[in-house]
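See below for the structure under consideration.
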Amino acid sequence: MKFINKYLRNLSPYKVASHKVWEVSTDERKNILKLDWNEASIPPSPKVMEALLDLVNDQETYYLYPSTYNAEIMDLLASYCQLPKENIQYFASSDSLHEYLIRTYVSPGDPILILGPTYDNFRLTCESQGGVVYFYDYNEDFSLNEEGLIQMIDSTSPSMIYLCNPNNPSGNLLSVSFIRQILDKCKDSVVLVDEAYYEFSKLTMAHYVLNYDNLFVSRTFSKAFALANFRAGYLLSNENNIQQVSKLRNAKNFTSFAQVAVKAALEDVDYMKNYVEEVLSARAYFKNELQTMPFIKNVFDSHGNFLLVEFSSFEVKMKLFNQLSNHNIFVRNLTHSKHLINCLRITVGTKSQMERVAKILHTSLI
Ligand SMILES: Cc1ncc(COP(=O)(O)O)c(C=O)c1O
């Protein structure tokens, strides 16, 4: 089609994993263990359910647009992030806030540097706005040649730098001091630190938004808070940046259902913290199990709710991927980088869920 936006003509899509869970009946869904999108593996706090039931009965919320400024959520977020409200804005997901950031700060032709392989949806969003993406790749073991990255920054002068921390899909973590080095060096670039998995890594750049006006931190309610279906995320940055990004933000997109769910989840942070502890201990258990399996070459150290697992060959990986699928366990087959060709990414849920996966892998026909 002649009139299509020229940046979309050759755009390679973000590869969405099969979403089998939505193709089956509610009863069949109960047997599925969905470990392919790094969502939480249990429902959110029961307080979320209670609050939603009240909302369902309040039919005015169906035909009115939602509140465009929820002061209670802002207060709760300020206390959760330990930052003034002026440094925070919430959005209908962190994917959505990435789009607003790129529309605010990137003009067609601007160079954008992505430390990869990483969350590929960000690349898509940049390219769709005409941003020219340069990748700087981690080493094959997901260690980083820090000097090399700095040199690439010098040679590309990026308008924006994307650092996913911890990184999806590898789970490795950049240090605060290295990110500060980048912030000091790139004063005119937007440095976006994607902290989608912050609750699991417990390492954050959040309070540095008070010191650096080029720092942007994105977070989500889709992972540790178990609210992926509600589409809720937030941005932390300095006050002026928050105002700039908020110019484009469509405040009507954050539904009352999302608002009620987020508020209730933030009122029960202990529930989330308990789930995180459960996942961290299940991750240690599952990693140990995987390391005893002869067909597994490597399990990367992870600071997220997932493990990147490298198999002895592509054929072995595909066999196991299919065997797990046949048992209604869905994991992510990664294909978007040569680093990952023999790898699967497996979301870590509760201990009993990971025992189910380990049992199948132990008895697999390899
Ligand atoms: C690194 C990273 N950022 C952002 C997202 C998307 O988050 P949201 O559900 O808030 O759009 C994901 C989801 O997998 C992710 O892994």
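Remember, it's 1-based here, ligands and their atoms both numbered in the order they're listed. Keep in mind that the numbers below use all heavy atoms, side chains included, and drop hydrogens, waters and symmetry copies. Computed from a prediction, not measured in an experiment: that's the story for all the values here.
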Task: F321 vs F311, ring-ring contact (aromatic ring centres under 6.0 Å, His included): CA-CA, chis, key distance, verdict - done: CA-CA 11 Å; F321 176 78; F311 293 83; 10.0 Å; no
Taking 4.0 angstrom as the limit and counting only heavy atoms of [X], give me the atoms of ligand 1 inside it, by number and element.
X	answer
C164	1 (C)
Y197	1 (C), 14 (O), 15 (C), 16 (O)
A196	1 (C), 2 (C), 3 (N)

I'd like to know whether ligand 1 has [X] as a neighbour, heavy-atom separation below 4.0 Å.
X	value
A228	no
S94	yes
R231	yes
F221	no
D194	yes

[X] to ligand 1: N or O pair under 3.5 Å?
X	result
T220	yes
S96	no
K223	yes

Is [X] linked to [Y] within one hydrophobic cluster, defined over Ile, Leu, Val, Met, Phe, Trp and Tyr using a side-chain heavy-atom separation of less than 4.5 Å?
X	Y	result
I114	Y7	no
I88	Y69	yes
V309	F295	yes

Task: Nearest protein heavy atom with distance in Å, relative to atom 12 (C) of ligand 1 - done: Y119 CZ, 3.5 Å
Ring-face cation contact, [Y] with [X], 6.0 Å cut, 45° max:
X	Y	value
K223	Y197	no
R180	Y212	no
R231	F257	no

What part of [X] sits under 4.0 Å from ligand 1 if we count only heavy atoms: the side chain, the backbone, both or neither?
X	value
S222	side chain
S93	both
D95	both
F122	neither

- [ ] Quick one: pull up CG in N229 and OG in S93 and give me the separation to the nearest 0.5 Å.
- [x]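 Between N229 CG and S93 OG, I get 12.0 Å after rounding to 0.5 Å.
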Task: Residue among V209, V190, T104 satisfying side-chain contact (heavy atoms from CB on, under 4.5 Å) with F216 - done: V190
Open item on the list: Tell me if the centroids of the rings in F230 and F221 come within less than 6.0 Å of each other.
Closed with: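 Ring centroids of F230 and F221 are no less than 6.0 Å from each other.
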